[in-house]
Amino acid sequence: MKMPVFRRRQATQISAAARAVAQRTPVSLTVARQRAQPAAVTIVRLASTAVFAYLVALLLPVTSRPVLAPLTALLVIQVTLYQTLRSAVRRVGAVVSGVLLAVALSAWVGFTWWSLGLTIAVALAVGYALHLGDSVLEVPISAMLILSVDTHSAGTWRIVETLV
């Protein structure tokens, strides 16, 4: 069964319009970001943010070298303030949930090969349930770090440095 002539012509016009729009839009958000913000500005912004986070973390009695604060700052900084705040909230949520999970599991089962696997599986499930997006892997990473050191104070400092 053939399409009527006017429907084929309409479909062709819609297809041509869609191609024209697609050719005018940027290939990806990365391309748009690179056009909007030169590399030098991005480098200065990221470096200064990381150094600022480090200096703020030095004021806390955590460690003499609080590297988690600038590390988290580098991972969180985005193109816009809204995206940065959203990323920060997700990352803090991921770290807190991972630490709490590790503290609970370490008190219950300790550290063995099977508790490590259980921790990773449960942490990933929690991360996906919380809709953490790109930060979903931060939940099992935080949980594994805290589970391996087997102290509650390490979890507290991990959360504090991430908040900074």
Side-chain angles (χ1 to χ4, degrees), residues 25-164:
T25 57
V27 175
S28 69
L29 181 60
T30 304
V31 171
R33 184 172 82 180
Q34 286 176 350
R35 288 181 188 156
Q37 202 172 63
V41 173
T42 303
I43 291 168
V44 169
R45 189 169 53 88
L46 289 171
S48 60
T49 302
V51 168
F52 179 73
Y54 179 81
L55 292 174
V56 170
L58 277 178
L59 299 174
L60 302 172
V62 181
T63 64
S64 61
R65 292 185 180 168
V67 295
L68 292 176
L71 172 73
T72 303
L74 286 175
L75 294 173
V76 167
I77 291 298
Q78 301 291 319
V79 177
T80 65
L81 179 62
Y82 171 76
Q83 290 172 333
T84 299
L85 291 175
R86 187 180 74 192
S87 177
V89 167
R90 282 184 172 174
R91 186 153 314 267
V92 168
V95 168
V96 168
S97 58
V99 167
L100 292 176
L101 176 68
V103 167
L105 286 177
S106 69
W108 183 48
V109 294
F111 186 75
T112 61
W113 65 268
W114 61 269
S115 67
L116 178 66
L118 177 69
T119 301
I120 293 169
V122 171
L124 286 170
V126 166
Y128 282 112
L130 293 175
H131 302 285
L132 293 175
D134 293 340
S135 299
V136 77
L137 291 179
E138 191 71 32
V139 181
I141 290 170
S142 294
M144 287 187 300
L145 289 172
I146 301 308
L147 188 65
S148 68
V149 294
D150 199 31
T151 63
H152 298 288
S153 64
T156 303
W157 295 123
R158 172 92 169 114
I159 291 171
V160 169
E161 282 194 39
T162 301
L163 284 171
V164 169

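This chain uses plain numbering: 1 for the first residue, then up along the sequence. What's counted below: heavy atoms across the whole structure, side chains too, no hydrogens, waters or symmetry copies.
When the side-chain contact (heavy atoms from CB on, under 4.5 Å) test is applied to A50, the partners found at least two apart in sequence or on another chain are P70, L74. For the side-chain contact (heavy atoms from CB on, under 4.5 Å) test, no residue two or more places apart in sequence or in another chain qualifies with W113. For L130, the side-chain contact (heavy atoms from CB on, under 4.5 Å) criterion is met by S97, V126, L132, not counting sequence neighbours. For S115, the side-chain hydrogen bond (donor to acceptor under 3.5 Å, both in side chains) partners are T112, not counting sequence neighbours. Evaluation of the salt bridge (Lys or Arg N to Asp or Glu O under 4.0 Å) rule for R90 yields no partner, not counting sequence neighbours. Not a single side-chain hydrogen bond (donor to acceptor under 3.5 Å, both in side chains) links T119 to another residue, sequence neighbours left out. Every side-chain contact (heavy atoms from CB on, under 4.5 Å) that A73 has, sequence neighbours left out, goes to T49, A53.
Applying the salt bridge (charged side-chain N to carboxylate O under 4.0 Å, His left out) test to residues at least two apart or on different chains, none of the pairs has a partner in residues 107-130. Among pairs with a residue in residues 116-126, none fulfils salt bridge (charged side-chain N to carboxylate O under 4.0 Å, His left out), at least two apart in sequence or across chains. Within the structure, the side chain to side chain donor-acceptor pair (under 3.5 Å) test picks out no pair touching residues 127-137 (sequence neighbours left out). Within the structure, salt bridge (charged side-chain N to carboxylate O under 4.0 Å, His left out) pairs that include any residue of residues 94-113 do not occur (at least two apart or interchain).
Side-chain N or O atoms of S48 include one that pairs as donor or acceptor with a backbone N or O of R45 at under 3.5 Å.
Remark: I141 CD1 to I120 CD1 distance equals 10.0 Å, nearest 0.5 Å.
Considering every non-hydrogen atom in both L116 and L147, the closest pair reads CA-CD2, 4.3 Å.
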